Asks: 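Handing you a structure now.
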There are 2 protein chains.
Amino acid sequence: METLQTDALAFSEFMTGLTPSQDARVSSAAPARVPCEGCGARRLCQAAQLCRGGDDRPVSLPVCARKVKAGEAVYRAGDPLRNLYTSRAGTSKSIRLYRDGRQQITGFQLGGEFLGMDAIATGRHQTEAIALEDMVVCVLPYREIEALADAYTDVRRGMERMLSQEIVREAGLLMLMGNLSAEERVAAFLVDLSDRYAERGYSALAFTLRMSREEIGSHLGMKLETVSRMFSRLQQRGLIALHGKDVRILDLPALRLV
Amino acid sequence: METLQTDALAFSEFMTGLTPSQDARVSSAAPARVPCEGCGARRLCQAAQLCRGGDDRPVSLPVCARKVKAGEAVYRAGDPLRNLYTSRAGTSKSIRLYRDGRQQITGFQLGGEFLGMDAIATGRHQTEAIALEDMVVCVLPYREIEALADAYTDVRRGMERMLSQEIVREAGLLMLMGNLSAEERVAAFLVDLSDRYAERGYSALAFTLRMSREEIGSHLGMKLETVSRMFSRLQQRGLIALHGKDVRILDLPALRLV
DNA sequence: CGCACGTTTGAGCACCATCAACTATAGTGG
DNA sequence: CCACTATAGTTGATGGTGCTCAAACGTGCG
């Protein structure tokens with residue numbers, strides 16, 4: 001997997017599942033239909049079971065790919081729920097806005113992970129998703145997902161499981177915010193990223209943070225200076241080594257116990 | 001509604017929808033089938049749309065009522081998901097346990113509110129629900145819910161909306177934990193309770209806290225002494241008046257702005 | 001009544017936020 | 001290629017918020 005990271009073109013192709021000629025059709029302006037079959041991330045895609053037509057499911061979800069540049073929004077708070085999304089490549093953040101301008105990052109989404117489920121309750125997006133780097137996202141029309149879910153039990157179960165997983169994930173964050181010290185939170189954040197990268201086939205011990213210290217702080221409920229200090233402290237303890245945004249985890253078991 | 005609170009028997013009957021003779025059949029040991037039709041809380045029941053048989057839905061969910069004494073568990077962490085629950089009467093807390101004994105209260109459930117959705121992802125309950133006072137809960141067999149959801153679109157939509165609402169609710173809590181001061185959190189907690197009591201027909205300005213200061217603290221991410229101090233401060237400011245667990249909100253608009 | 005428990009209030013301290021200075025890095029244009 | 005700038009990150013000094021420890025005060029119950 002690491003070799004792919006060193007080969008930018010092959011890596012891009014692997015993640016997007018698009019050959020250069022297909023790639024030309026995929027733009028912000030004109031999303032193109034692309035088959036799940038060609039998607040390199042399919043094995044790890046949370047939405048894959050919704051996309052593919054199973055033995056007993058002749059119809060598969062028509063998936064459009066869309067490019068989103070770093071800093072652009074996948075969707076905005078208040079937007080009506082038209083689509084759900086999966087990241088084919090790239091990382092995004094989900095921001096929840098508050099009345100007085102305060103905001104909180106409720107989560108980061110890596111490649112293969114699902115976005116937008118907060119909108120299902122009200123029909124409007126409660127958060128907004130901003131790309132932290134250039135992304136390719138799969139656009140999953142919500143109406144079609146609903147239709148599929150109406151027709152096929154396993155799709156329905158999949159949706160429910162993903163919603164419930166999100167509840168469990170947020171409950172874990174609540175625990176973190178309510179009980180853990182700043183150092184413990186940062187350690188838990190790194191362990192979580194490590195686990196998720198490992199799940200997607202990347203190195204669990206060396207990765208690049210796609211988000212700033214301030215964004216990490218907003219997610220964990222602390223200030224950017226504190227994040228920086230805790231990184232330094234973990235480094236002094238010999239648990240991690242970091243140069244800028246590049247993290248190497250030197251002692252993962254110990255980091256889990258912080 | 002307040003008159004009902006003064007008449008204990010009528011109130012109990014109203015909330016449980018059980019006449020005394022029915023009531024005798026309802027015990028922890030032997031849950032009895034009770035129809036949603038007789039339930040006084042039905043209009044406010046989050047699960048009502050799952051229970052009742054609509055025009056196009058001949059089959060309705062067989063609902064059993066169960067009594068749970070204060071301090072007893074509705075379900076425990078690790079229990080396999082067999083049922084979802086609605087509180088017919090009484091308040092519960094949802095606790096999430098942590099490896100080292102630390103724990104966090106992820107929420108309180110009032111009468112009419114749903115319990116147990118955290119189990120759908122894994123098939124086992126991630127939290128445990130403990131009654132804060134004597135409760136009557138509706139036991140909704142998960143398999144039957146699934147079957148109903150497979151058969152009827154509106155049931156499926158209802159389930160998804162409830163799951164998504166839970167995500168939005170927890171995201172709000174995350175915001176609270178990440179950004180608000182102790183005083184702001186306590187104020188927000190009271191406002192939330194006020195809104196929910198109002199929704200269920202009770203007074204928005206006078207109610208009794210069913211949980212201890214420590215439980216409030218565990219929910220809001222602070223210590224019980226701090227909760228007490230913040231209550232005192234809000235009282236000094238003239239926003240609330242409290243005697244023990246009885247709260248009167250003197251200036252709700254101001255409390256919202258804290 | 002006495003005991004247990006929940007709650008309130010106080011004093012001192014630790015942790016994290018704030019303010020501020022400095023460094024590192026990347027991007028821009030001469 | 002190098003200055004120049006802007007942005008991100010690190011580190012230090014200081015203060016405030018909330019935690020810890022502790023004592024006193026109710027309130028309910030056996």
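Per chain, numbering begins at 1; letters A, B, ... match sequence-line order. All figures in this text were calculated on a predicted structure; none of them were measured in a lab.
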Asks: Kindly assign one of parallel, tilted or perpendicular to the pair A/F108 and A/H219, based on the angle between their ring planes and the thresholds 30° and 60°.
Replies: perpendicular
Asks: Rounded to whole angstrom units, what separation is found between the CD atom of B/E215 and the P atom of C/dG6?
Replies: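 Rounding to the nearest Å, CD of B/E215 and P of C/dG6 are 9 Å apart.
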Asks: To the nearest Å, give me how far apart CE (B/M222) and P (D/dT20) are.
Replies: 13 Å
Asks: Counting side-chain heavy atoms from C-beta on, which of D/dG18, D/dT10, C/dT7 comes nearest to B/T226?
Replies: D/dG18
Asks: Name the closest nucleotide to the B/R213 side chain, picking from D/dT10, D/dG18, C/dT8.
Replies: C/dT8
Asks: Among A/R200, A/K93, A/R88, which one satisfies salt bridge (Lys or Arg N to Asp or Glu O under 4.0 Å) with A/E113?
Replies: A/R200
Asks: Rounding to 10 degrees, work out the angle separating the end axes of the helix from C/dC1-D/dG30 to C/dG30-D/dC1 (five pairs an end).
Replies: 30°
Asks: Under the criterion side chain to side chain contact (heavy atoms under 4.5 Å, CB included), which of A/V247, A/L209, A/I216 is the partner of A/L193?
Replies: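 Among the candidates, only A/L209 passes.
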Asks: Report, as yes or no, whether the 6.0 Å neighbourhood of atom CD on B/E214 holds more than 12 heavy atoms from other residues, nucleotides or ligands.
Replies: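 No.
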Asks: Among the candidates C/dT18, D/dC21, C/dA17, find the nucleotide nearest to the side-chain atoms of B/E225.
Replies: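 The listed nucleotide nearest to B/E225's side chain is D/dC21.
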Asks: Does A/E199 come within less than 4.0 Å of A/R196, counting only side-chain N to carboxylate O?
Replies: no
Asks: Tell me which residues in residues 229-251 of chain A put a heavy atom below 4.0 Å from DNA chain D, sorted by number, or none.
Replies: A/R229, A/S232, A/K245
Asks: Report the distance from atom CG of A/L220 to atom P of C/dA17, rounded to the nearest whole Å.
Replies: 11 Å
Asks: Kindly point out which of C/dT18, D/dT20, C/dT8 is positioned nearest to the side chain of B/K223?
Replies: D/dT20
Asks: I need the minimum non-hydrogen distance between A/S194 and A/I249, along with the two atoms involved.
Replies: CB-CD1, 3.8 Å
Asks: Starting at CG of A/L224 and ending at C1' of C/dC19, how long is that distance when rounded to a whole Å?
Replies: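 That distance rounds to 12 Å.
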Asks: Rounded to the nearest angstrom, tell me the gap between atom CD1 in B/I216 and atom C1' in C/dG6.
Replies: 12 Å
Asks: With a 4.0 Å cut-off on N to O distance, would you call B/E72 and B/K67 a salt bridge?
Replies: no
Asks: Do B/L110 and B/Y202 have side chains that approach each other closer than 4.5 Å (heavy atoms only, starting at C-beta)?
Replies: no
Asks: Take the protein atom CD of A/E184 and the nucleotide atom C1' of C/dC15, then report the distance between them rounded to whole Å.
Replies: 12 Å
Asks: Name the orientation class of the two ring planes belonging to B/Y85 and B/Y75 (parallel below 30°, tilted from 30 to 60°, perpendicular beyond 60°).
Replies: parallel
Asks: Could you give the CZ-to-P distance, from A/R210 to D/dG9, as a whole number of Å?
Replies: 14 Å
Asks: Rounded to whole angstrom units, what separation is found between the CE atom of A/M211 and the C1' atom of D/dA8?
Replies: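 The distance from CE of A/M211 to C1' of D/dA8 comes to 15 Å, rounded to the nearest Å.
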